[in-house]
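In what follows, a single structure is set out as structure tokens and then discussed.
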Amino acid sequence: MMKNNYVKKFFLRGMMFGGFGPIICSIVYLILQFIIDDFTLSGADVFTSIVSTYILAFIHAGASVFNQIEHWPIAKSLFVHFLSLYVSYSLCYIINSWIPFEPAVLLIFTLIFVVVYFIVWITVFVCIKTLGNRLNKSLK
């Protein structure tokens with residue numbers, strides 16, 4: 001029963017926020033149209049980017065549930081969250097040809113992804129810990 005609750009939360013969050021991926025993608029394409037002369041996309045390019053960014057945003061939003069599974073050790077939830085995001089971002093970037101499928105490029109992408117992921121994670125962790133301590137002090 002508990003697993004179904006997490007699965008439901010994953011899909012609910014994914015459906016609620018999945019549409020932001022294509023919206024952001026379309027904004028980026030609009031900006032590129034003004035910056036790059038003769039910027040054009042084929043129908044297949046547009047379709048691929050819409051579907052892949054929807055799936056990316058869906059997974060990104062849904063993956064937040066991994067950090068809320070209380071019976072998982074923090075290392076496991078962090079690893080599953082990280083892995084789900086890394087795989088979905090990597091595939092989206094490669095499928096859309098935003099990065100080439102080359103070892104050197106993938107290594108650079110991976111290093112940047114790891115650094116940014118942990119900076120964000122540590123920032124959120126410190127903010128939540130600070131807020132928790134402040135709330136605990138105010139209760140005393």
Side-chain angles (χ1 to χ4, degrees):
M1 188 66 149
M2 189 73 103
K3 284 184 182 179
N4 282 342
N5 191 26
Y6 292 123
V7 172
K8 286 179 188 175
K9 284 182 182 179
F10 181 95
F11 281 99
L12 179 63
R13 290 175 187 179
M15 289 187 299
M16 284 176 30
F17 298 104
F20 287 111
I23 291 169
I24 292 169
C25 184
S26 65
I27 292 169
V28 169
Y29 284 159
L30 181 66
I31 293 168
L32 289 175
Q33 179 183 354
F34 290 113
I35 294 174
I36 300 172
D37 293 334
D38 298 325
F39 178 77
T40 58
L41 294 170
S42 70
D45 291 337
V46 172
F47 176 79
T48 302
S49 64
I50 289 171
V51 171
S52 64
T53 55
Y54 179 85
I55 293 169
L56 174 63
F58 181 95
I59 292 170
H60 192 107
S64 65
V65 79
F66 298 133
N67 297 319
Q68 296 175 336
I69 302 175
E70 293 177 7
H71 61 275
W72 279 10
I74 194 164
K76 180 179 180 179
S77 64
L78 184 64
F79 177 73
V80 173
H81 184 261
F82 170 83
L83 190 62
S84 64
L85 294 184
Y86 176 74
V87 169
S88 57
Y89 272 87
S90 299
L91 290 175
C92 182
Y93 280 45
I94 292 167
I95 287 169
N96 287 298
S97 300
W98 296 339
I99 60 170
F101 188 66
E102 297 173 6
V105 174
L106 292 174
L107 178 63
I108 293 168
F109 172 81
T110 300
L111 292 173
I112 292 170
F113 189 90
V114 167
V115 168
V116 170
Y117 181 88
F118 283 105
I119 288 172
V120 170
W121 191 86
I122 289 168
T123 302
V124 170
F125 180 80
V126 168
C127 289
I128 290 172
K129 191 82 164 167
T130 303
L131 179 62
N133 290 338
R134 206 172 333 156
L135 290 173
N136 285 335
K137 283 182 184 178
S138 70
L139 291 175
K140 291 179 183 182

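Any value given below was found using the heavy atoms of this structure, including those in side chains, with hydrogens, waters and symmetry copies removed.
When the shell of 6.0 Å around CZ of Phe79 is examined, it contains 12 or fewer heavy atoms from other residues, nucleotides or ligands. Counting heavy atoms of neighbouring residues, nucleotides and ligands inside a 6.0 Å radius, atom OH of Tyr29 exceeds 12 of them. No more than 12 heavy-atom neighbours from other residues, nucleotides or ligands sit within 6.0 angstrom of CZ on Phe11.
In the hydrophobic clustering (ILVMFWY side chains linked at under 4.5 Å, chained through shared members), Leu30 is joined by Phe34. Grouped with Ile108 in one hydrophobic cluster are Ile112, Val116, Val120, Val124, Ile128, the linkage being side-chain heavy-atom contacts under 4.5 Å among Ile, Leu, Val, Met, Phe, Trp and Tyr residues. Listed by chain and number, the hydrophobic cluster partners of Leu131 are Leu135, where partners are ILVMFWY side chains within reach of under 4.5 Å, directly or through others. Residues Ile119 make up the rest of the hydrophobic cluster containing Val115, defined by ILVMFWY side-chain heavy atoms closer than 4.5 Å, directly or through other members.
Here Tyr93 pairs with Trp98, Phe109 under the ring-ring contact (aromatic ring centres under 6.0 Å, His included) rule; sequence neighbours left out. Judged as a ring-ring contact (aromatic ring centres under 6.0 Å, His included), and not counting sequence neighbours, the contacts of Phe125 are Trp121. Partners of Ser84 according to the side-chain hydrogen bond (donor to acceptor under 3.5 Å, both in side chains) rule, which considers only residues two or more places apart in sequence or in another chain, do not exist here. A search for side-chain hydrogen bond (donor to acceptor under 3.5 Å, both in side chains) contacts involving Thr123 returns nothing, not counting sequence neighbours. Under the side-chain hydrogen bond (donor to acceptor under 3.5 Å, both in side chains) criterion, Asn67 pairs with no residue at all, not counting sequence neighbours. Shown here are the side-chain hydrogen bond (donor to acceptor under 3.5 Å, both in side chains) partners of Ser97, two or more places apart in sequence or in another chain: there are none.
Asp45 places a side-chain N or O within 3.5 Å of a backbone atom of Ser42 that can act as its donor or acceptor partner.
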Inset, instruction - Evaluate the ring-ring contact (aromatic ring centres under 6.0 Å, His included) criterion for residues His60 and Phe17: first the C-alpha distance (whole Å), next the side-chain angles of each, then the deciding distance (0.1 Å), finally the verdict. - result: CA-CA 9 Å; His60 192 107; Phe17 298 104; over 10 Å; no
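Pairs of residues two or more places apart, or lying in two chains, that qualify as side-chain hydrogen bond (donor to acceptor under 3.5 Å, both in side chains) and include a residue from residues 13-23 are Arg13-Ser64, Arg13-Gln68. Judged as a side-chain hydrogen bond (donor to acceptor under 3.5 Å, both in side chains), the pairs with a partner in residues 102-115 (not counting sequence neighbours) are, in order, Tyr86-Thr110.
Summarising the geometry of Ile94 relative to Phe101, their closest heavy-atom pair is CD1-CD1, 3.6 Å, with the distance given to 0.1 Å. Taking every heavy atom of both residues into account, Pro22 and Gly19 meet most closely at CD-O, 3.3 Å.
Tracing side-chain contacts under 4.5 Å through hydrophobic residues (I, L, V, M, F, W, Y), one never reaches Leu111 starting from Tyr89; they form parts of separate clusters. In this structure, Leu107 is not a member of the same hydrophobic cluster as Leu83, with clusters built from ILVMFWY side-chain heavy atoms closer than 4.5 Å.
Rounded to the nearest 0.5 Å, atoms CD1 (Ile23) and OH (Tyr54) are 11.0 Å apart. In this structure, Asn136 CG and Ser138 OG are separated by 7.5 Å, a value rounded to the nearest 0.5 Å. Between Arg134 atom CZ and Leu139 atom CG the span is 13.0 Å, to the nearest 0.5 Å. Rounding to the nearest 0.5 Å places CG of Asn96 at 10.5 Å from CD1 of Ile50. Taken to the nearest 0.5 Å, the OG1 atom of Thr53 stands 11.5 Å off from the CD1 atom of Ile95. Going from atom OG of Ser52 over to atom CZ of Phe47 covers 9.5 Å, rounded to the nearest 0.5 Å.
At a threshold of 4.5 Å between non-hydrogen side-chain atoms, the residues Pro100 and Val105 count as touching. Tyr117 places a side-chain heavy atom less than 4.5 Å from the side chain of Leu78.
Taking the six-membered ring for Trp, Phe66 and Tyr6 have ring centres at least 6.0 Å apart.
Relative ring orientation between Phe82 and Phe118 is described as parallel, the plane-to-plane angle staying below 30° on a 0-90° scale split at 30° and 60°.
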